[in-house]
Amino acid sequence: MTYAKRYDGRKWTETRPITAETGVVKMADGSARFKIGKTEAIAAVYGPRDLHPRFMQDPEKGVLRIFYSMMPFSGAGDRVRPGPSRRSKELNLVIQKALLPVLNLDDFPNKVVDVFVVFPQTDAGSRCAGICAASMALADAGMQMKDVVSAVSVGKVDDKLVVDMDYAEEAHPEGEVADIPVAVIPSTGEITLIQMDGKITKEELIKGVKDGWSAFDTIADIQRKAIAGRYGGKEE
């Protein structure tokens, strides 16, 4: 049976509704909230500050650390067990690697920038939402950056290529399902993250990423406006 219509009625290349804002955690050096559909990420930045223990310091540049966590009842499936897990460690690394290409840490040797990413609720696409929120929070903290990083999932449900999969599509019971989180630097078109869970052909992968490109531009525009709006400025 083919997947004839998306569960929530969206077009194949349409994202869920998106909202974003900065300055949401008052005691942080920078913070942001990014919500896409029912998936909500809140990121808070602390630093640059001294990194301890000293053996972890880099004398040439600063260190970026990510701390990803989901609230116990945030997911669409089973209750999330509190504390570190294999998944959270993986996502800490994934988000860090997606952000490092735009972030200048050369002026902060022996320092650390900590980014805490928390999810009050999720409905698929959490790593992409986390990347978007963390990118905005770093900009809100005044970090020198080449651009924001924008992320969204593309994928395949049965025989259809889709943009921004939700949990119902990830759990589609018939046919093949492939979920592909992608993060890009919008101003240059460089991809800073691409992962894949499932099976998809090379041709389908290329087409899926191309189909998602307008979504990257839309997300970047929302991110930039949220950053500029915090200070009453205009997007340049």
Side-chain angles (χ1 to χ4, degrees), residues 15-49 62-71 74-75 88 91-105 108 111-153 164 181-187 192-193 212 215-236:
T15 68
R16 293 167 289 177
I18 300 171
T19 58
E21 59 182 319
T22 53
V24 297
V25 180
K26 302 306 178 185
M27 300 302 293
D29 293 308
S31 61
R33 170 182 170 272
F34 184 89
K35 186 175 183 182
I36 182 165
K38 296 179 181 178
T39 297
E40 180 180 5
I42 297 174
V45 174
Y46 299 88
R49 54 189 179 182
V63 173
L64 175 67
R65 295 191 301 195
I66 307 294
F67 300 90
Y68 171 107
S69 62
M70 294 175 62
M71 294 183 179
S74 61
S88 65
L91 291 177
N92 291 342
L93 183 61
V94 164
I95 296 173
Q96 178 202 53
K97 297 300 184 184
L99 294 171
L100 280 174
V102 301
L103 189 61
N104 180 14
L105 295 170
F108 306 107
K111 302 290 185 180
V112 63
V113 177
D114 287 325
V115 184
F116 294 84
V117 185
V118 179
F119 292 83
Q121 59 180 358
T122 61
D123 181 30
S126 61
R127 71 191 63 197
C128 292
I131 290 168
C132 292
S135 174
M136 294 165 56
L138 287 164
D140 186 53
M143 297 298 299
Q144 185 178 352
M145 301 171 67
K146 297 177 183 178
D147 197 357
V148 294
V149 178
S150 304
V152 74
S153 68
D164 184 27
V182 184
V184 306
I185 304 173
S187 59
T192 66
L193 167 73
F216 296 130
D217 291 337
T218 298
I219 291 169
D221 185 56
I222 292 170
Q223 290 174 290
R224 292 169 181 150
K225 287 180 178 177
I227 294 165
R230 163 111 153 109
Y231 302 99
K234 295 182 180 180
E235 178 193 357
E236 296 183 358

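Note: hydrogens, waters and symmetry copies are ignored here, and every other heavy atom, side chains too, is used. When a residue number appears, it is its place in the shown sequence, counting from 1.
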Review point. What's the spacing between R16 CZ and T39 OG1 if we round to 0.5 Å?
Key: 4.5 Å
Review point. Quick one: does T192's side chain have a donor or acceptor within less than 3.5 Å of a partner on A98's backbone?
Key: yes
Study note, to complete from the structure: Sorted by chain and number, sequence neighbours left out, salt bridge (charged side-chain N to carboxylate O under 4.0 Å, His left out) with D114 holds for R49, R65
Review point. Can you tell which of I36, I219, I222 makes a side-chain contact (heavy atoms from CB on, under 4.5 Å) with C132?
Key: I219
Point to revise | side chain to side chain donor-acceptor pair (under 3.5 Å) pairs, two or more places apart, involving residues 143-152 | key: N104-Q144, D147-S187, D147-R224, S150-Q223
Practice item. Go through the structure and list residues passing side chain to side chain contact (heavy atoms under 4.5 Å, CB included) with E21, not counting sequence neighbours. Key: V24, R33
Check your understanding: With P48, which residues qualify under side chain to side chain contact (heavy atoms under 4.5 Å, CB included), at least two apart?
Key -> F108, K111, V113, M143
Exercise for review: Identify, with sequence neighbours excluded, every residue that meets side chain to side chain contact (heavy atoms under 4.5 Å, CB included) alongside A32.
Suggested key: T22, M136, A137
Practice item. Walk me through it: do V148 and V102 pass the test side chain to side chain contact (heavy atoms under 4.5 Å, CB included)? Key: CA-CA 7 Å; V148 294; V102 301; over 6 Å; no
Practice item. Give the ring-plane orientation class for Y46 versus F116, where under 30° counts as parallel, over 60° as perpendicular and anything between as tilted. Key: perpendicular
Revision key, fill the gap. The single option from V184, L138, L99 that satisfies side-chain contact (heavy atoms from CB on, under 4.5 Å) with V149 is L99
Exercise for review: Could you list all the ring-ring contact (aromatic ring centres under 6.0 Å, His included) pairs where at least one residue sits in residues 16-43, not counting sequence neighbours?
Suggested key: none
